[in-house]
Amino acid sequence: MAMKGDLDGPADMQIDGYVQEPLPPNELIQEFNSDYLKVYYGKLFPYSDIFRWMSYGNDGKHPAHDQSYFCRREFSFTLENDVYLRFQSFKTASEMESAIKEKCPHKIDIGPVYSVDPMKRHSYSQAGNNVFTPVERELIFDIDISEYDDVRYCCSGSDICLDCWPLMAVAIKVIDTALRDDFGFNHILWVYSGRRGVHCWVCDSRARRLSNEQRSSIADYFHIYKGGENSFKKASLTGPVLHPFLARSYTDVLVNSFEKNLLLSQKIFSLPERYQKILDMIPDESIASELQEKWQGDRKSSISEDVRWNQMKNLLQSGKNKTTCRCRVFVGLWKRLCLLIPTQELTWRHVSKHMNHLLKAPFCVHPKTGRVCVPIDPNHCDSFDPTSVPTLTKLLEELNAGSMKSEIEDGMWPESSNFHGRDFRLLGYKVTEYCNYSVCYAFNPI
Amino acid sequence: MEIIRSHKKTALEVGSSLSLYRCAPHLEVRLDEFELYAIDRLRVLKGISDGLSRGRKPDEMENVVSELWKANMRHPDPSQMMNKDIISHFVLRLVYCRTEELRKWFLSMETTLFRYRFRFESSESQRLLMNEFQLPYKALNLAEYEGVKDKLFQVSRSMGQYSNVDTTFFKVPFEEVPELVGSRRVFLLKGNAYVAMNQAVSIVVSHFRSNLSKALVLTNRKWTSTIREQEKDRLTPIVEALSSSYLGPDYSLPNEFAAITLKDIDQLANSSFPLCMRHLFYKLREDHHLKHRGRMQLGLFLKGVGLKLDDALAFWRTEFSQKVGNDRFDKEYAYSIRHNYGKEGKRTDYTPYSCQKIISSTASVGDHHGCPYRHFSEESLRAALAQTGVGGRALDDVIDKVKHHHYQLACTMTFEAIHSTPCDTGINHPNQYFTESQKLLAPKVIILADLEIFYSRFVISSFITLFQVLTS
Ligand code: SF4
Ligand SMILES: [Zn+2]
């Protein structure tokens with residue numbers, strides 16, 4: 001799915017990693033229907049916040065703003081019958097609002113800011129020489145749980161549960177920390193994709209202006225695992241110590257999450273076919289076979305998870321090549337835990353590498369699950385529960401319950417839509433850099 | 001001729017000859033030098049392009065570049081060396097500014113050339129060159145250094161190095177060094193990359209690249225808006241000829257053999273084609289047909305030896321039409337031939353096949369592609385070799401190599417037997433076989449035939465000042 005340079009080719013463009021999926025089971029359909037969606041767009045969708053965010057200060061309230069900024073942004077709509085409208089653009093928040101209300105798109109994607117209004121791109125095309133070209137774009141990542149299928153044992157495909165969510169949480173924490181501490185970005189928005197993944201929007205002006213080459217370099221910075229499954233033994237870590245980014249991720253995030261959550265939930269050490277994958281990564285064969293013998297003899301798998309893990313850790317620490325061993329196992333853990341780069345090219349690498357890729361807007365409703373694409377607070381991503389995210393039905397029920405019917409303002413979420421102990425209303429807050437507004441959404445802890 | 005150097009005194013003082021090509025030379029250039037210098041530089045760039053597309057490793061490339069430079073860019077008068085460097089660079093800017101594709105190629109070859117030349121410089125002149133780029137990076141002061149020392153050490157150990165922690169480090173916005181970031185060879189903190197002196201090459205190169213890229217776009221604008229028209233009787237024909245006559249072959253050839261024509265082709269096939277191509281060629285003449293993979297193997301080879309598209313089309317049509325008719329040829333086959341020539345951008349797919357590729361291809365009964373040493377039975381191989389005039393001891397030696405699976409060696413020995421000259425480099429590309437053979441058989445092909453047509457149109461000593469052309 002490499003991107004084509006041709007901006008006009010919607011057929012070539014894969015959005016948000018979706019492929020045709022089989023029809024959802026019945027109970028899911030009930031979570032989602034166009035009438036509900038109409039009400040949602042009518043009452044709840046946060047137009048002004050999205051507008052404020054996407055304007056980055058160019059919203060008419062600031063001196064020296066660029067009036068054309070927002071209307072050079074591409075939006076695209078996927079309508080009910082899979083009609084796909086690309087290159088939509090809007091001059092104002094209310095223009096956007098009425099278009100969304102009128103078309104009631106099942107999915108809204110956000111593209112780059114172009115050099116000219118994408119609606120009018122054809123009138124520039126005669127001028128030749130690429131007048132119509134993307135000029136700004138958030139740095140985005142799209143991480144998909146199904147990429148972890150060979151290392152999670154609780155679900156597969158597009159399912160996600162509380163046992164495998166920690167995998168996502170690890171990825172969020174590792175990437176979020178590196179984006180802030182290493183790359184110096186501040187305006188980062190994490191969003192649940194509504195089904196099986198998370199999206200990350202890095203909104204700093206510096207991030208929006210990165211070239212494709214610079215985007216790839218960031219993607220590669222996170223890319224630890226090169227080549228196929230067999231390349232464990234010659235993983236890309238050559239030196240005896242880890243790069244500070246990897247070392248930090250390992251000690252601050254990986255080990256912890258592994259020991260606290262995944263060790264037990266994924267039962268990595270109790271079944272031979274699972275632990276074998278780990279043993280295969282130990283370069284010192286005497287250690288590997290010693291562990292294997294020990295574990296094969298001991299069939300009481302129920303208690304053995306952390307016992308075995310500790311056995312392995314101790315042996316590795318005492319081995320003669322302990323540093324190399326640590327590095328190798330690190331690679332293995334990385335793959336198993338935050339698995340940024342599995343064997344094939346990942347969707348998110350493509351997404352993050354190219355300016356003119358589209359990504360689903362926050363606060364869309366996922367048409368298969370009915371779940372709202374809500375923001376995730378990276379500092380509390382451990383306690384995020386994808387299975388209890390507000391759904392279209394739930395929100396509408398509360399709306400209809402009448403408790404606040406009269407007071408509801410547009411864009412205000414029902415007070416009762418508490419979610420996982422947090423108030424789910426939006427917070428748009430002002431961030432400084434060059435007096436730009438960058439609206440970030442966050443949960444307001446109660 | 002005066003020597004232009006005022007803008008780079010400092011690096012020159014320490015003996016550097018590397019130019020950053022910041023402004024067009026003010027000096028007058030003779031029209032013939034204009035051209036010859038450009039051709040010499042093109043040889044260097046083509047050689048680099050060839051090295052890259054053959055997947056040469058950095059240390060091999062280092063040799064390639066230094067050899068190419070020595071072979072082509074020297075000047076009997078040392079004071080002229082730098083002028084030649086600068087003039088040729090600016091001439092090629094003109095030649096290669098004209099389309100996106102040309103710009104891309106030129107940018108990438110010049111950047112590679114610069115990268116290696118920069119590496120050859122002493123560390124002192126490297127530092128001075130960095131100054132000349134006016135890079136706004138300051139070396140870390142002691143306090144800053146102490147604050148991150150451990151991390152810097154950690155990074156260099158992670159690359160298996162122990163030594164460079166004592167060198168100077170620069171603090172650079174991470175955007176400037178994507179290569180180093182992507183391979184995690186720098187420490188990153190809050191958006192800054194901490195770059196060691198010996199990694200500076202990466203910074204300088206990316207600046208060189210972006211400056212040149214911008215300059216090419218500007219030159220292109222000037223070219224279309226004024227130069228092309230103003231120079232239509234003088235430079236324009238030369239500039240246009242320079243790019244078209246040299247862009248054809250992907251396989252870089254010494255310029256002398258850069259073109260062959262239809263009327264020579266039979267004679268060349270007999271004298272200078274390696275066995276694989278010879279076989280395809282005669283099979284085509286015989287059957288008036290070749291399967292797809294055979295067509296690719298031969299077609300790209302012919303493109304590499306300099307057969308122009310029109311000639312190639314004529315050549316294939318002559319044969320195929322006898323079997324399938326002109327109509328079907330035009331409908332089904334002509335396209336792919338054009339395709340081989342047209343899509344220069346995707347070089348990898350359309351470069352002539354190397355021996356390794358040919359030898360490792362699979363061929364079954366009825367196929368004629370592949371390498372005869374590998375894919376023929378002993379009997380047919382003996383027969384084929386006999387046709388080229390190899391016999392006796394030499395033939396047995398060749399067969400012996402084949403039995404031990406040394407196919408390229410067998411091919412090299414065939415070459416030696418046919419040409420009665422040792423071939424020390426060995427054969428690793430059919431086009432190289434052809435070139436080596438032509439070097440021996442046709443040492444005096446007229447090089448600049450095309451160009452002389454131009455000369456006859458001007459007084460040979462007509463002078464050009466690139467500065468004026470480029471800034472008019
Ligand atoms: S060794 Fe190379 S050049 Fe010689 S016949 Fe085989 S493929 Fe052709
Ligand atoms: Zn699960």
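Computed from a prediction, not measured in an experiment: that's the story for all the values here. Convention: sequence-line order gives letters A, B, ...; per-chain numbering from 1.
Closest approach of A/Asp182 to B/Leu188, counting heavy atoms only: O-CB, 3.6 Å. Residues B/Pro178 and A/Ser217 come closest through the heavy atom pair O-CB, 3.2 Å. The two residues B/Glu175 and A/Gln214 have their closest heavy-atom pair at O-NE2, 3.0 Å. In terms of heavy atoms, B/Val155 sits closest to A/Pro244 at CG2-CD, 3.4 Å. When every heavy atom of B/Arg184 is checked against every heavy atom of A/Phe245, the shortest pair comes out as CD-CD2, 3.9 Å. Pairing each heavy atom of B/Phe174 with each of A/Arg206, the nearest pair is CD2-NH2, 3.6 Å.
Proximity of a side-chain donor or acceptor of A/His243 to a complementary backbone N or O of B/Met159 within less than 3.5 Å is not detected.
Note that CG of A/Asp220 is 11.0 Å distant from CD of B/Glu179, once rounded to the nearest 0.5 Å. Atom CZ in A/Arg248 sits 8.0 Å away from atom NZ in B/Lys151 (nearest 0.5 Å).
Within 6.0 Å of CD in B/Glu60 there are more than 12 heavy atoms belonging to other residues, nucleotides or ligands.
Contacts between B/Val217 and chain A at a heavy-atom distance below 4.5 Å are absent for every atom of the residue.
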